[in-house]
2 protein chains.
Amino acid sequence: MTHPRVPYLKKVALFADLPEPSLLRLAEVAGLQRFSAQSYLFRQGEEPDFLYSFVEGGIVLVAGSGEKEAVVEFFGPGESVLLAAALLGLPYLVNARATTDGQALLIPAAKLRKLIDEDVALAAQCARTLSRHWRVLISQIKEIKTHSALERVANFIIAQTKKTKGAVSFALPGMKKEVATRLGITPETLSRTLRSLKKYGVDAEGDTLHISAIERIASLVETPPEAT
Amino acid sequence: MTHPRVPYLKKVALFADLPEPSLLRLAEVAGLQRFSAQSYLFRQGEEPDFLYSFVEGGIVLVAGSGEKEAVVEFFGPGESVLLAAALLGLPYLVNARATTDGQALLIPAAKLRKLIDEDVALAAQCARTLSRHWRVLISQIKEIKTHSALERVANFIIAQTKKTKGAVSFALPGMKKEVATRLGITPETLSRTLRSLKKYGVDAEGDTLHISAIERIASLVETPPEAT
DNA sequence: GCGGGTGCTTGATCTTGGTCAAGTGATGAC
DNA sequence: GTCATCACTTGACCAAGATCAAGCACCCGC
């Protein structure tokens, strides 16, 4: 009965909660696209033809094309990118490069712009998703403006896991040099910082970090018990 | 015939293009609130009761309460803040402090959340406004991560005016120390940077900047003509 | 008038993190 | 196999900008 692409749509947070009719409308215009690691899905300055929602694999949003590259954020399965550009029909501000092989649902931007004016459920859901993105970016700006390199690395580690205590291991969402610019530091500084975190139980093994006790990392960043 | 608060709603970009029925629904729940310079409209961590849209005057969004304050962005007449928190019903991530006296339209957050699920025009408009905000924040992140203090100040000056050449004068959107942290630098550094920009025709007089030729500032920031 | 608070500037000094350069290890082309 | 490339690390050095400390100018209350 239901469209073959609906199950894919269900995997994407942006669409998961939409009612059946909305899903069907989207399913009709959506297409599934494979991509391979290190390939570019789109480049800064291009006109947005699609909204990208990841079913599998991940990408990294990179600002600035030439020498000065800065990672804005990593995105993985279930997330959508560049809703903003697609909705406004303005050129992408960033590049998207795949960090792994994967597949994405592509929704034609023109169709999306049309649907959003007709479908409350979709429009409201877009607004909520964009709201979440807004908050993530605000946090990042706060972070960069008020915390040191070591604190940012610590916070990044904490953000990568849901656990608040005990041992954790996880893979970095991209190459170390990408993680570095995501944090607003150089690869060299990240390397040194990770080494200095060894004494707090952080061990790097390739692109996997082993944390012996996440609460020790958290203590680095919490305001140390103040008087007053 | 029309509600007395509709003309105020018309002044706000978020609402200006909405059809009459949507405006009326909003007008019924909106309230006008005066605020005075330096007062806090809300503080970080509070539950969002309202969406704030400025009819007159401006505010500054400040992250971090204690010692480490960092300005996230300035907002003026016609703009709306914390749509994100209001829509999601999550605590504010930032403080809002008035930079001048003014008045704001307050839309109860609960009502807004209800309306957005029923009113396509409103929902779509929220999504578009949030999209614009997203792009502004992305630009700021790029800026901080890839440009030096001098370039950031130059870009800030350029962003404050619509003109692309000739002389300009404009008032800073807040105190110098606020502008400084907005740019991710200290007040001292801003002061020194402005002085070093004197030779490029930038003159500070109180909170007003006089630029003798905006294109000279622009040339500081454009990639100097590269070979290749 | 005077005194105190505040925002801004200026100078001297320090520190963080960036830059430059060299070296290692893994990977892949041939 | 060799060689090149590339991510990453490490070390030595450097510089942009932060911090610390005065000093100035303005405003407001008294």
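Chain A is the first sequence line, chain B the second, and so forth, proteins listed ahead of strands; every chain is numbered from 1.
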Original post:
Between atom CD in A:Gln38 and atom P in C:dT27, what is the gap in whole Å?
Top reply: 15 Å

Subject >> Spacing of A:Glu151 atom CD relative to C:dG17 atom C1', expressed in whole Å >> reply: 14 Å

Original post:
C:dG7 C1' sits how many Å from B:Arg97 CZ, rounded?
Top reply: 13 Å

**OP:** Check whether any side-chain heavy atom of B:Glu73 lies under 4.5 Å from a side-chain heavy atom of B:His133, and answer yes or no.
**Re:** no

Original post:
Is there a donor-acceptor contact under 3.5 Å from the side chain of B:Asn95 to the main chain of B:Val62?
Top reply: yes

Subject >> N or O in side chain of A:Lys177 less than 4.0 angstrom from D:dA7 OP1/OP2 >> reply: yes

Subject >> Interatomic distance, A:Leu190 CG vs D:dC8 P [rounded to whole Å] >> reply: 9 Å

Subject >> Under 4.0 Å protein heavy-atom contacts per nucleotide of nucleotides 12-28 of chain D, with B for base, S for backbone only and - for none >> reply: B----SSBB--------

**OP:** Only counting residues at least two apart or in another chain, list the ones meeting side chain to side chain contact (heavy atoms under 4.5 Å, CB included) with A:Arg34.
**Re:** A:Gln103

Original post:
With a 4.5 Å heavy-atom cut-off, do B:Met175 and B:Glu178 have their side chains touching?
Top reply: yes

Original post:
Roughly how many Å is it from CD1 in B:Ile144 to P in C:dG18, rounded to a whole number?
Top reply: 14 Å

Subject >> Whole angstrom value for the distance that separates P of C:dG17 from NZ of B:Lys145 >> reply: 15 Å

**OP:** Grab the NZ-C1' distance between A:Lys176 and D:dT10 for me, whole Å please.
**Re:** 14 Å

Original post:
Rounding to a whole Å, what distance do you find between A:Asp207:CG and C:dA26:C1'?
Top reply: 13 Å

**OP:** Please determine if B:Glu69 and B:Arg97 form a salt bridge, counting it only when a charged side-chain N lies under 4.0 Å from a carboxylate O.
**Re:** yes

Original post:
For the atom pair CG (B:Asn155) and CD (B:Gln140), what is the distance rounded to the nearest 0.5 Å?
Top reply: 11.5 Å

Original post:
OP1 or OP2 of C:dT10 less than 4.0 angstrom from a side-chain nitrogen or oxygen of B:Arg195, does that happen here?
Top reply: yes

